[in-house]
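Scroll down for the structure; my scribbles are underneath it.
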Amino acid sequence: TILGRSAFVDVAPGVRVRADRFPSEARLDVTLGWRPAPRLLLLMQSFGSYAPAAGPYGAGGPLVARTAYDKLQLSAVYEVAAGWSVQFGAFRTILGLDAVRETGPIFALWHRF
């Protein structure tokens with residue numbers, strides 16, 4: 001609990017293994033959820049990725065450069081009816097090495113069944 005309200009942490013490590021000339025990728029996603037009211041869930045999420053350089057080495061260098069990034073997403077999920085919720089928020093790449101810097105909104109419809 002946080003401030004007397006239910007909360008949770010979810011940590012999800014993972015690896016994407018590739019057999020071709022592109023690099024494998026290590027991932028780490030972390031979610032902190034807090035329910036300040038019965039119909040409202042606040043989420044803070046971090047989505048991280050790291051991939052080493054890969055491909056043919058030599059005078060031309062690697063085919064794919066090393067990449068690393070961490071994206072932060074803040075959102076709220078509000079239950080609008082029994083079993084139905086809407087999510088709204090924003091995300092941003094907060095750290096990155098040879099990675100796309102992204103910023104934008106997020107909207108989602110949730111259905112509990």
Side-chain angles (χ1 to χ4, degrees):
T1 61
I2 298 175
L3 299 175
R5 299 293 189 165
S6 65
F8 68 90
V9 173
D10 178 59
V11 178
V15 176
R16 177 181 295 159
V17 178
R18 297 180 129 170
D20 57 11
R21 61 187 174 169
F22 293 100
S24 294
E25 179 182 34
R27 301 190 57 89
L28 180 63
D29 297 345
V30 179
T31 298
L32 171 62
W34 180 55
R35 193 171 289 280
R39 296 173 65 174
L40 180 64
L41 173 64
L42 301 179
L43 296 172
M44 182 170 61
Q45 298 172 282
S46 171
F47 304 103
S49 174
Y50 170 79
Y57 293 92
L63 175 68
V64 178
R66 176 177 63 129
T67 61
Y69 65 82
D70 191 35
K71 295 179 185 181
L72 182 64
Q73 179 173 297
L74 302 173
S75 63
V77 181
Y78 184 75
E79 184 179 358
V80 294
W84 290 95
S85 299
V86 292
Q87 178 182 12
F88 54 93
F91 67 92
R92 182 173 195 148
T93 305
I94 56 172
L95 299 170
L97 173 67
D98 286 331
V100 175
R101 304 278 179 156
E102 297 177 307
T103 301
I106 178 171
F107 301 98
L109 178 64
W110 292 27
H111 178 62
R112 184 178 305 146
F113 53 93

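- For the pair Trp34 (side chain) and Ile2 (backbone), a donor-acceptor distance under 3.5 Å is present.
- Considering CZ of Phe47 and CG of Leu28, their distance stands at 11.0 Å, rounded to 0.5 Å.
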Report the C-alpha distance between Val100 and Thr93 in whole Å, list the side-chain angles of each, state the deciding distance to 0.1 Å, and finish with yes or no for side-chain contact (heavy atoms from CB on, under 4.5 Å).
CA-CA 8 Å; Val100 175; Thr93 305; over 6 Å; no

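- Residues Ala51 and Ser24 come closest through the heavy atom pair CB-O, 3.5 Å.
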Check the pair Leu43 / Leu74 against side-chain contact (heavy atoms from CB on, under 4.5 Å), numbers first and verdict last.
CA-CA 6 Å; Leu43 296 172; Leu74 302 173; over 6 Å; no

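- Counting heavy atoms of neighbouring residues, nucleotides and ligands inside a 6.0 Å radius, atom CZ of Arg27 exceeds 12 of them.
- Hydrophobic clustering places Val9 together with Leu42 (ILVMFWY residues linked when any side-chain heavy atoms are closer than 4.5 Å, directly or through intermediates).
- The structure places CG of Leu95 at 7.5 Å from CZ of Arg101, a figure rounded to the nearest 0.5 Å.
- Hydrophobic clustering keeps Met44 apart from Phe107 (ILVMFWY residues linked when any side-chain heavy atoms are closer than 4.5 Å, directly or through intermediates).
- Closest approach of Asp70 to Ser46, counting heavy atoms only: OD1-OG, 2.6 Å.
- The NZ atom of Lys71 lies 10.5 Å from the CG atom of Asp29; values are rounded to the nearest 0.5 Å.
- Under the 4.5 Å side-chain heavy-atom criterion for grouping Ile, Leu, Val, Met, Phe, Trp and Tyr, Leu32 is not connected to Phe91 through any hydrophobic cluster.
- Placement of Leu41 and Ile106 in two distinct hydrophobic clusters is found when ILVMFWY residues are connected by side-chain heavy-atom separations under 4.5 Å, directly or transitively.
- Cluster membership check: Leu109 shares its hydrophobic cluster with Val80, using side-chain heavy-atom separations under 4.5 Å among Ile, Leu, Val, Met, Phe, Trp and Tyr.
- Under the 3.5 Å distance criterion, the side-chain polar atoms of Ser49 are left unmatched by any main-chain donor or acceptor of Tyr69.
- Put simply, OG on Ser75 and CD on Gln87 are 4.0 Å apart, with the number rounded to the nearest 0.5 Å.
- Between the side chains of Gln45 and Thr31, at least one donor N or O lies within less than 3.5 Å of an accepting N or O.
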